[in-house]
Amino acid sequence: SSEFNASYSMGRLHIEHMGGERVFSCANCDCPLTNRQQLISTRFTGATGRAFLFNRVVNLDTSELQDRVMLTGRHMVRDVSCRKCKTKLGWVYEFATEESQQYKEGKIILERALINESEGFPDPVKD
Amino acid sequence: MENGCLNGVTNGNSGNHAASTAEAAAAAAASAVSPPLNERSLETVRLIGQFLRELGLSHSVDALVQESGCALENSAAASFRRHVANGDWDAAEECMQSLQSLVTEASSATEIAFRLCEQRYMELLEAGDYMGALNVLRNRLTPLKFNTGRVHELSTYIMCSDAEELHRISGWPGSLAGTREALLDQLQQFFPPAVMLPPRRLLSLLDEAVQYQLAKCRYHNTDLPVAEVSLLADHACSRDSAEFPARCGQVADQHQDEVRCCQFSPDGRHLATGCKDGAVFIWRVDDLTLRLSVARRYHIGEERGGVACLAWSPDSRLLLCCAAEDSSDVLVWCVSPPPLLPPASAAAHHHSLLAESHLNGASVVVNSASVLSGGSSEPQRFSRGGTPEESLTTAAWFPDSVHFVAGGIRGQFYLFSLEAGYRKSWDFIRVVALATRTDRDGNTAALAADSFGRVRQYRFDTMQDETLLQEDGSIIAMCLSRDQQVAALNVVNSGLRLWDLQHRVCLQRLAGPGISQGGYCLHACFGGLTGNFLASGSQDNCAHVWRIGGADSQPDRLSGHSGIVNSVAWNPQHHGMLVTASDDCTIRVWLPTARALSAAATDHGSGGTAATDGSSGQASANLASSPATHSPSDSNPDEDDDDGILE
């Protein structure tokens, strides 16, 4: 396990797993986050470069609400970080001031450099 | 006075009831009661009258009937009862003529006649009147053409030479043994209650009321017989007098870090606790004082992320441990050695073990101090021998204490046996929690809560699976009731959900603000004498205890810890003993108030607990400072020499 495993004295965290055939996890501690089925767009940019927009991501902590001006306009966002190792991973759009940007509300940006993609498997029960 | 008659008519009852009410009304017209008794009062008088009559207080019965003007029963039924009790069979049959119309089902009249004749016949035989008996057999029983098999059987009893042989051969205890009363009780069921009351009606109503109160009693945890509960006031155990774990009786701080798991062995004699730093302690439970003392200290290594799951084998001998962080193996310690095997067979057994594991092709590390010989502090490790990416974080035993399943959210779900190691895999299931359940036919299935919020049943013998239930949130933990009929699920943001596994319906939702909102792994446990309590850890530093099925779904909160309560364990043998494990690095033992106070007093009396469980003086200091435990003015019934006042 990672040397960056920040262990805050707070009991054992419940880690969710969304499953899926291609799984995205935190690059630092391998905590599962989301999967390819949740991917909406790959054409975003974050602090470390390319970033992906996802519909739903689990195992994230969110920061306080922040007012941020981005290339696409003014948004209210929260930073998101890995629940397990506290590494900052991206942000979530809470509110977009411009109507054309409102499709992003509730969706999550994860920076490509900070996540790993790995092979998962389909749910044998559903199929 | 005329109201008495009007009451009978305007009530619009069935003809049967009107018949007796009209009689009662006529009597009421002559009675001393004013205003006349209403329906409910009349019925109650009848019940009281029956109660007094069954006690043999016949004068009271007469007085009651006269003063209330209420006939206890339809007069024909009363005569019938009297005739049967006296053995006046002809008169009884005559009464039946008038009662015939009142019988619930027309066909029963024949059966009633049959039973009367049967009793008459047996009594005649018993008295030695063979001619009379034969007469009844031929001229009364046989013409009824009812239950001819029984008639044949009865005819064979004529061969009995005396009463004693008759009793023995037929199983009929005799006319002196209350058979006439028993006969009346049986005949009663053919009549509507308005005509003939069911026997002991008042007493059964009172018993039902008591049972209702017992079911509602919030702290009830003893097997008090219904007949011993006082009727004078509603039964409700008080929190302090009940066998309910109301107070902290012991704080044990031997662990150095957050205590994550705690589990009692099924025989209630040991407690296992698992810590974030990898320590696993086995505690012995003292039979008398219910005090915990450390018996064994195991360690699984610090790099494993702490203990995630502890599971005792059903025979209470073995302890299984899963680590939290990506561990591809599970560990099994032998806590109590098994009955001794003769040396030759032990060696042979060991050889066959190794042979089998090689056959399977799995690389199982069979420790030379093998699990079977016991006593070693080295655990036996079980894995598939696969890649380090495997993760087994939860496990459950099969009833044979040999097989167990283990799994984790990376998708491993394996069946192991102690003898052969890895046996089978069920692929692509992301396992969150495990349990096993045995059905009525003796087949055991593994129950797995998975990452999709489902609880599914897996039969590793037939490789059949099915979904039992689907939750609408992520399942954090699962535990089963003792009878394996109910599962308690901790669901993210939804608190605890109780599911009936047989009927696959959600029984109850227990809201717990501290239970599931934060997404911490908090464990729950069923307990109590009848398994009707559910205790759970919580983020608010308390253990929450619910009475399941009670109208009041507010939990009792046991406070005292200074950190999140991660896990709770209820002793399966000592039903008033609950243990809580917390982030504050301690475990607390909760006991019924009287026991807890005497436990605390013993602590102080012996100057700390250093002798018994190796805990530091810190432990007794903790005990003194925790508000719930010690009060100098409390008298301890076990230790007081001179309570009571000398007069």
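Proteins come first, then strands; the chains are lettered A, B, ... in the order of their sequence lines, and each starts at number 1.
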*Asks:* Does any backbone or side-chain atom of Ala308(B) lie under 4.5 Å from a heavy atom of chain A? Answer side chain, backbone, both or neither.
*Replies:*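 Contact with chain A involves both backbone and side-chain atoms of Ala308(B).
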*Asks:* Please look at Arg454(B) and chain A and tell me whether the side chain, the backbone, both or neither of the residue comes under 4.5 angstrom of a heavy atom of that chain.
*Replies:*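 It is the side chain, since no backbone atom gets that close.
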*Asks:* I'd like to know if Lys84(A) and Asp61(A) make a salt bridge, using a cut-off of under 4.0 Å between side-chain N and carboxylate O.
*Replies:*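 No salt bridge links Lys84(A) with Asp61(A).
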*Asks:* Report the option among Ile476(B), Asp465(B), Ile564(B) that has the most heavy-atom pairs separated by less than 4.5 Å from atoms of chain A.
*Replies:*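 Winner by heavy-atom pair count: Ile476(B).
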*Asks:* Aromatic contact between Phe413(B) and Phe460(B), with the criterion being ring centroids under 6.0 Å apart: yes or no?
*Replies:*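 For Phe413(B) and Phe460(B), the ring centres are under 6.0 Å apart.
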*Asks:* Restricting to non-hydrogen atoms, name the atom on Asn566(B) and the atom on Val259(B) that form the minimum distance, rounded to 0.1 Å.
*Replies:*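 Heavy atoms only, the tightest pair is ND2-O, 2.9 Å.
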*Asks:* At a 4.5 Å cut-off on heavy atoms, which part of Val58(A) comes close to chain B: side chain, backbone, both, or neither?
*Replies:*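 Answer is neither: Val58(A) stays 4.5 Å or more from chain B.
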*Asks:* What's the verdict on salt bridge (Lys or Arg N to Asp or Glu O under 4.0 Å) for Glu111(A) and Arg50(A), showing C-alpha distance, side-chain angles and the deciding distance?
*Replies:* CA-CA 6 Å; Glu111(A) 306 207 21; Arg50(A) 181 144 297 272; over 6 Å; no
*Asks:* Let me know if Ile475(B) has heavy atoms under 4.5 Å from chain A in its side chain, its backbone, both or neither.
*Replies:*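 Interface part for Ile475(B): backbone (N, CA, C, O).
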*Asks:* Quick one: what part of Ser582(B) sits under 4.5 Å from any heavy atom of chain A, side chain, backbone, both or neither?
*Replies:*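 It is neither, since no heavy atom gets under 4.5 Å.
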*Asks:* I'd like to know whether the aromatic ring centres of Phe281(B) and His255(B) sit less than 6.0 Å apart in this structure.
*Replies:*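 Yes, close enough.
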*Asks:* Check Arg381(B) with Asp329(B), please: is the shortest side-chain N to carboxylate O separation under 4.0 Å?
*Replies:*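 Between Arg381(B) and Asp329(B) there is a salt bridge, with a charged N closer than 4.0 Å to a carboxylate O.
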*Asks:* Measure Asp450(B) against the heavy atoms of chain A and call it side chain, backbone, both or neither at under 4.5 Å.
*Replies:*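 Contact with chain A: none, neither part.
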